Structure formats: C-alpha cells, structure tokens
Amino acid sequence: MPELPEVEVTRRGVAPHLEGRVVRAVVLRRDGLRWPFPSALSQLLAGRTILRTGRRGKYLLLHFDHGTLIIHLGMSGHLRVLAPGIAPEKHDHFDLEVEAPDGLRQVLRMKDPRRFGAVLWHDAADGELEHHVLLRTLGVEPLEPGFSGKVLYDQTRQRSAPVKQVLLAGDIVVGVGNIYASESLFRAGINPKLPARRISLARYEKLAQAVREVLAEAIVQGGSTLRDFIAVNGQSGYFQQTYFVYDRTGVPCRVCAAPIRQIRQGQRSTFYCVNCQK
C-alpha cells in the first residue's frame, strides 16, 4: 500500500497540473471503488477551480471553495496526468479533466486494479475537513512542527502494545506505515517488540528524528516501488534500494553484519537487527 512518502510524491507531481485549473469534466467508469463514488460528482465539480492540493496522512486532498475532493490510492492505485483523448485502460476508473488559463487541457486519471482506493467528497457546508469521518482520528503529521519525541512519550505511558504497532496505529502520528516504521526503529536503535510504555523520552526523541529523516529521504527518492506504485510521471521510486532492514530477511545488517530477522506483528511483517536494536 502506498504510504505517506508515496502520497506526498504523488501530490507534488499533480500539483502543478491542478492548482488554479478549472474542472471541465468528470468521468466515472464504475459505481465506486472501496466506497461508492459521490453522487452528482460531475455537477459538483464542473466549472469549479482547484484552489490547492494537500495531504493528510495517506489521503490526497484537492481543495475547492465549496469543499474538498479526498483521494486514497488504496493498495494498488496511482495517478497520472495525461493529454485528453488517450483511451482508458482496463483499470482506469476515474478521470478529472482540467483546463489551464491558456486553454491547455489535461486529464488526471486514476488506475486502481484492486479497487481498494477511494474518491470521496467533503462539502464545506458539513463543517471543517478535519472532522471528516476518515480524518478525525488521525494523529499529528510527522513532517510538521507538532510532532516530537515528547508527543510520542506522553501518549504512550499507558500503551503496552509493541512500539511498532503503536506507530502503525495512526492515532498518535499519522502516515508511518509498515516500511518506514521498520526503517525508523532501526535508525533509532529500538527493538520493534518493546512495549511502547517502556521507552524513555530520550529514546522517543531519537525515534521522532529518525521518522522525520526516513520520510524526508523517501520523498526525495520518489518513495518505494515494491509492486504497484509509480509516480505521476510514470517513474518508479528507488528508496527501497537504501533499506537497512525492510524485506532483507537473512541478509547481513549494513551496520553490524548480523542477519536481519523477520517476525509477524499484527498480520504485518517486521524486519529488525537483534544487535543494533535493543
């Protein structure tokens, strides 16, 4: 599943083609994906200007003056910017055609083979976007000033779950998915099985810094492409080439040469070095 870096790479890729553009048409090729498409979406958006793009966790946001289009890439989705008239392929389910002030038209097209993605609408009349049912329980953004080791420390004093699972939960800090949680815990030298409440403030400060660094580096490198993810321009990410632990079971640790171990936590694979992560 695309994680925060992949969604941010997507946002940065589509922003120049969408911001300030007027929507001319919406094409829906099925009733919905994970959830039904909003009713009358074409009427809602046609003739309206996309003011800016945004991101909340793993959700891509297209802001209009009367509401926000919420896009989730699911497990296999990705977006492309195309010229009008290009025939859709089998799993191309959603098009947003926009026009620039100079008359140039382009199409934002969503492909989602597994159909776990989503295209939803939050109307401004329904209140603040942050209260939307999919966004209201999300934690702080890890790349914004509100995230710190103290936030992690203060909100885990009663958490007996393993720290890896707490990172993935998303209610304290959002968007640190499976890949980047494993890599961040390695950089911070923290064993993923350690109960969250047993970690000190000093170690959480180190973990918060590791999370920021790992996510920032992944964004610069175009995210991770393991199966389906490609950027808007069709290129694959290459952060996976620099993994220290993720998907490296049995391979010598880049730091101490001990074999990387793999365990299951909450139905997800966790990778770590028993020597470097205490």
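When reading the values below, keep in mind they use all heavy atoms of this one structure, side chains included, and skip hydrogens, waters and symmetry mates. It should be emphasised that the depicted structure is a prediction, and the values quoted were computed from it without experimental measurement.
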Novice: Between the main-chain N or O of P16 and the side-chain N or O of R21, is there a donor-acceptor pair closer than 3.5 Å?
Specialist: yes

Novice: Distance check, rounded to the nearest 0.5 Å: I190 atom CD1 versus R203 atom CZ?
Specialist: 5.0 Å

Novice: Take V98 and L108 through the side-chain contact (heavy atoms from CB on, under 4.5 Å) test and state the conclusion after the steps.
Specialist: CA-CA 8 Å; V98 298; L108 178 73; over 6 Å; no

Novice: Quick check for you: to the nearest 0.5 Å, what is the distance between S160 atom OG and R198 atom CZ?
Specialist: 11.5 Å

Novice: Considering all heavy atoms of both residues, which atom of L135 and which atom of Y59 are nearest to each other, and what is their separation?
Specialist: CD2-CD1, 3.6 Å

Novice: Report the C-alpha distance between H72 and L134 in whole Å, list the side-chain angles of each, state the deciding distance to 0.1 Å, and finish with yes or no for side-chain contact (heavy atoms from CB on, under 4.5 Å).
Specialist: CA-CA 10 Å; H72 193 280; L134 295 177; over 6 Å; no

Novice: Any non-hydrogen side-chain atom of P36 less than 4.5 Å from a side-chain atom of D31?
Specialist: no

Novice: If we only count heavy atoms from C-beta on, is the V176 to V214 side-chain gap below 4.5 Å?
Specialist: no

Novice: Take the angle between the ring planes of Y204 and Y153 and call it parallel below 30°, perpendicular above 60°, tilted in between.
Specialist: perpendicular

Novice: In this structure, would V151 and L4 fall into the same cluster of hydrophobic residues linked by side-chain contacts under 4.5 Å?
Specialist: yes

Novice: Do L79 and L82 belong to the same hydrophobic cluster, where Ile, Leu, Val, Met, Phe, Trp and Tyr are linked whenever their side-chain heavy atoms lie under 4.5 Å apart, directly or via other members?
Specialist: no

Novice: Do R29 and F37 make a side-chain contact, defined as non-hydrogen atoms from C-beta onward lying under 4.5 Å apart?
Specialist: no

Novice: Would you call E130 and R56 a salt bridge, taking side-chain N to carboxylate O under 4.0 Å as the test?
Specialist: no

Novice: Hydrophobic cluster membership, with links at side-chain heavy-atom distances under 4.5 Å among I/L/V/M/F/W/Y: are V81 and L45 in one?
Specialist: yes

Novice: Does a salt bridge link E99 with R105, judged by any charged N lying under 4.0 Å from a carboxylate O?
Specialist: yes

Novice: Quick one: do the Q209 and E213 side chains pair a donor with an acceptor below 3.5 Å?
Specialist: yes

Novice: Are the side chains of L61 and L69 in touch, meaning some heavy atoms are under 4.5 Å apart?
Specialist: no

Novice: Answer yes or no: is there a donor N or O on one side and an acceptor on the other, between the side chain of R55 and the main chain of G57, under 3.5 Å?
Specialist: yes

Novice: Can you sort out the partners of E205 under side-chain hydrogen bond (donor to acceptor under 3.5 Å, both in side chains), two or more places apart, ordered by chain and number?
Specialist: none

Novice: Test your reading of the model: is there a side-chain donor-acceptor pair from H122 to the backbone of G127, 3.5 Å cut-off?
Specialist: yes

Novice: Looking at F147, is its backbone amide N or carbonyl O close enough to the side chain of R212 to form a donor-acceptor pair, meaning the two atoms are under 3.5 Å apart?
Specialist: yes

Novice: Is it the case that one hydrophobic cluster holds both L41 and W35, taking links as side-chain heavy atoms less than 4.5 Å apart, direct or via other members?
Specialist: no

Novice: To the nearest 0.5 Å, how far apart are OH in Y180 and CZ in R187?
Specialist: 11.0 Å

Novice: For F64, look at atom CZ and say whether over 12 heavy atoms of other residues, nucleotides or ligands are found less than 6.0 Å away.
Specialist: yes

Novice: First locate atom CG of L60, then atom CD of E6, and finally report the distance between them rounded to the nearest 0.5 Å.
Specialist: 13.5 Å

Novice: Applying a strict under-4.5 Å side-chain criterion to I, L, V, M, F, W and Y, I'd like to know whether V140 and L129 cluster together.
Specialist: no

Novice: Identify the residue among T68, L18, L62, D65 that makes a side chain to side chain contact (heavy atoms under 4.5 Å, CB included) with L51.
Specialist: D65

Novice: Identify the two heavy atoms, one from L215 and one from P5, that lie closest to each other, and give their separation to 0.1 Å.
Specialist: CD2-CG, 3.7 Å

Novice: Please tell me if the side chains of I260 and D247 come closer than 4.5 Å, counting only heavy atoms from C-beta onward.
Specialist: no

Novice: Does R12 use its side chain to pair, donor to acceptor, with the backbone of I219 at less than 3.5 Å?
Specialist: no

Novice: Is the backbone N or O of A15 less than 3.5 Å from a side-chain atom of T53, with the two atoms forming a donor-acceptor pair by type?
Specialist: no

Novice: Spell out, as yes or no, whether a donor-acceptor pair under 3.5 Å connects the side chain of D112 to the backbone of G117.
Specialist: yes

Novice: For residues K164 and N191, is any side-chain donor paired with an opposing acceptor at under 3.5 Å?
Specialist: no

Novice: So, does R109 use its side chain to make a donor-acceptor pair with the main chain of D92 at under 3.5 Å?
Specialist: no

Novice: Show your working on side-chain contact (heavy atoms from CB on, under 4.5 Å) between V245 and Q277 and close with a plain yes or no.
Specialist: CA-CA 11 Å; V245 290; Q277 295 173 255; 4.1 Å; yes

Novice: Compare all side-chain heavy atoms of C273 with those of R261 and state whether any distance is below 4.5 angstrom.
Specialist: no

Novice: Any sub-3.5 Å donor-acceptor pair from E183's side-chain atoms to Y246's backbone N or O?
Specialist: yes

Novice: Might you point out which heavy atoms bring Q265 and P162 nearest each other, and give the distance in Å?
Specialist: NE2-CB, 3.6 Å

Novice: Quick one: closest heavy-atom pair of F116 and M75, and the distance?
Specialist: CD1-SD, 3.8 Å

Novice: Are the side chain of E3 and the backbone of I179 linked by a donor-acceptor contact shorter than 3.5 Å?
Specialist: yes

Novice: Distance from H132 atom NE2 to D126 atom CG, nearest 0.5 Å?
Specialist: 8.5 Å

Novice: Measure across S269 and N178 and return the closest heavy-atom pair with its distance rounded to 0.1 Å.
Specialist: O-ND2, 3.0 Å

Novice: Mind running side-chain contact (heavy atoms from CB on, under 4.5 Å) on K111 and H91 for me, showing each step along the way?
Specialist: CA-CA 5 Å; K111 178 186 289 291; H91 300 295; 4.0 Å; yes

Novice: Is it true that atom CZ of R52 has more than 12 heavy atoms of other residues, nucleotides or ligands lying nearer than 6.0 Å?
Specialist: no

Novice: What are the two closest non-hydrogen atoms of P38 and V119, and how far apart are they?
Specialist: CD-O, 3.1 Å

Novice: Salt bridge or not for D171 and R159, using N-O below 4.0 Å?
Specialist: yes

Novice: Can you measure from CD1 (I50) to NE2 (H63) and round to the nearest 0.5 angstrom?
Specialist: 11.0 Å

Novice: Would you check if V27 and V107 make a side-chain contact, meaning some heavy-atom pair closer than 4.5 Å?
Specialist: no

Novice: Between F186 and C276, is there a side-chain heavy-atom distance shorter than 4.5 Å?
Specialist: yes

